[in-house]
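Report on one structure; see the data block that follows.
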Amino acid sequence: ARRFLDVLKFHPPGLAPVLDGSGAHHIGPRGEAAYTGRFRRAFGFYGPWAAVDSGDGWLHIDQHGRPAYGERHAWCGNVQGDRVTVRRQDGAYMHLQVPSGRPAYTARWRYAGDFRDGVAVVQSQAGGHTHIDRDGTPLHGHWFQDLDVFHKGFARAKDAQGWTHVDRDGEEIYDARFAMVEPFYNGQARVRGLDGVLQVIREDGTVVLELHPGGEVSDAT
């Protein structure tokens, strides 16, 4: 019967973030508050922790509203496996171990994304992107202008020539470069060439079919 200013979806352990006049918090399936504390913003549980903005900094809390650790951050991500991304007050990104809350490694990054299947994308202070494992060790020696996590064994990567797909060794899997590439789906991916041509390619870079010849695209069906 309760109504809120904002709601997000339920996540295990059966709690959902909500916002009402008292602040942001989590509720159970009957709308009952899970704890007495209130925050500026609250987000869903991933694993044992949920990210919240306390007003004095971001942190993770457990299902009882208790802080998972003592530090306060400029921003917090969501737990993925046993790692979670945070941005420190000095602007540096890092990953914490879950559930200890200790840093997973000593390096600090200009940006650090979520882990997926034990691999995350990080950006150096110089601007280059690479992959690291759970302990912060580089997965390969390659750096890119932009980079994505692995999907179906391949990652989208951008170098000075354009976008391509790379394997877990950071090696390109074909020679072509594109203005845009999507992740592979059942062995094929949609790409847009540097000339604007929209195509579907296989994992070896061969073209399956052309979807649009480039140039102006009509809004009409």
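Just so it is clear, the model here is predicted, and its values are computed rather than measured.
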Practice prompt. Take Arg116 and His151 through the side chain to side chain donor-acceptor pair (under 3.5 Å) test and state the conclusion after the steps.
Written response: CA-CA 9 Å; Arg116 178 173 178 171; His151 178 77; 3.1 Å; yes
Worksheet item: Is the backbone of Gly28 close enough, under 3.5 Å, to the side chain of Arg30 for a donor and an acceptor to pair up by distance?
Response: no
Discussion item. Testing the basics here: between Ala189 and Pro183, what is the closest heavy-atom pair and its distance to 0.1 Å?
Written reply: CB-O, 3.8 Å
Worksheet item: Are Arg88 and Asp90 within salt-bridge range, i.e. N to O under 4.0 Å?
Response: yes
Worksheet entry | Glu182 side chain reached by Met180 side chain, heavy atoms, under 4.5 Å | yes
Worksheet item: Between Tyr105 and Asp135, what is the shortest heavy-atom contact and its length?
Response: CB-O, 3.3 Å
Worksheet item: Hey, are the side chains of Glu210 and Val197 touching, using non-hydrogen atoms and a 4.5 Å cut-off?
Response: yes
Discussion item. If you apply the rule salt bridge (Lys or Arg N to Asp or Glu O under 4.0 Å), what do you find for Lys158 with Asp146, and how did you get there?
Written reply: CA-CA 5 Å; Lys158 183 182 180 183; Asp146 204 351; over 6 Å; no
Item to complete: Give the minimum heavy-atom separation between Tyr93 and Arg110, together with the two atoms involved.
Response: CD1-O, 3.1 Å
Worksheet entry | Mutual orientation of the aromatic rings belonging to His131 and His140 [parallel < 30°, tilted 30-60°, perpendicular > 60°] | perpendicular
Practice prompt. Verify the distance criterion only: is there a donor paired with an acceptor across the side chains of Gln63 and His26 at less than 3.5 Å?
Written response: no
Discussion item. I want to check a possible cation-pi pair here: Arg177 against Trp163, using under 6.0 Å from ring centre and within 45° of the ring axis as the test.
Written reply: no
Response to the item:
Tightest non-hydrogen contact, residues Ile173 and Val166, listed as CG2-C, 4.2 Å
Worksheet item: How many angstroms lie between atom CD1 of Ile61 and atom OH of Tyr35, to the nearest 0.5 angstrom?
Response: 3.5 Å
Worksheet item: Hey, is Asp148 close enough to Arg156 for a salt bridge, meaning N to O under 4.0 Å?
Response: yes
Worksheet item: Are the aromatic rings of His165 and Phe184 close, with centres under 6.0 Å apart?
Response: yes
Practice prompt. May I ask you to establish whether Arg168 and Phe150 are in a cation-pi arrangement, using a distance under 6.0 Å from NZ or CZ to the six-membered ring centre and at most 45° from the ring axis?
Written response: yes
Discussion item. I need the minimum non-hydrogen distance between Cys76 and Val86, along with the two atoms involved.
Written reply: SG-CG1, 3.9 Å
Worksheet item: Leu211 and Arg190: side chain to side chain contact (heavy atoms under 4.5 Å, CB included), yes or no, with the steps?
Response: CA-CA 9 Å; Leu211 301 175; Arg190 195 174 71 122; 3.7 Å; yes
Item to complete: Scan side-chain atoms only and decide if Asp56 and Ser54 contain a donor-acceptor pair under the 3.5 Å cut-off.
Response: no
Worksheet item: Should Tyr69 and Trp49 be marked as a ring pair (Phe, Tyr, Trp, His ring centres under 6.0 Å) after you check the CA-CA gap, both sets of side-chain angles, and the distance that decides it?
Response: CA-CA 11 Å; Tyr69 45 75; Trp49 295 349; 5.7 Å; yes
Practice prompt. Give, for atom CD of Gln188 and atom CG of Asn186, the distance between the pair rounded to the nearest 0.5 Å.
Written response: 8.5 Å
Discussion item. Over 60° means perpendicular and under 30° means parallel, so tell me whether Phe4 and His25 are parallel, tilted or perpendicular.
Written reply: perpendicular
Worksheet entry | Side chains of Gln199 and Val208 in contact at under 4.5 Å (non-hydrogen atoms) | no
Practice prompt. Specify the closest pair of heavy atoms between Val122 and Ala112, including all atoms of both residues, with the distance to one decimal.
Written response: CG1-CB, 3.9 Å
Practice prompt. Could you check Thr206 against Asp204 for side chain to side chain donor-acceptor pair (under 3.5 Å), going step by step and ending with a plain yes or no?
Written response: CA-CA 6 Å; Thr206 58; Asp204 61 3; 2.7 Å; yes
Contacts table for residues 11-24: side-chain donor-acceptor under 3.5 angstrom, sequence neighbours left out:
unit_1, atom_1, unit_2, atom_2, d
His11, ND1, Phe45, O, 2.8
Asp20, OD1, Ser22, N, 2.9
Asp20, OD1, Ser22, OG, 2.5
Asp20, OD1, Gly23, N, 3.3
Asp20, OD2, Arg2, NH2, 3.2
Ser22, OG, Arg38, NE, 2.8

Discussion item. Around atom OH of Tyr185, are there more than 12 heavy atoms from other residues, nucleotides or ligands closer than 6.0 Å?
Written reply: no
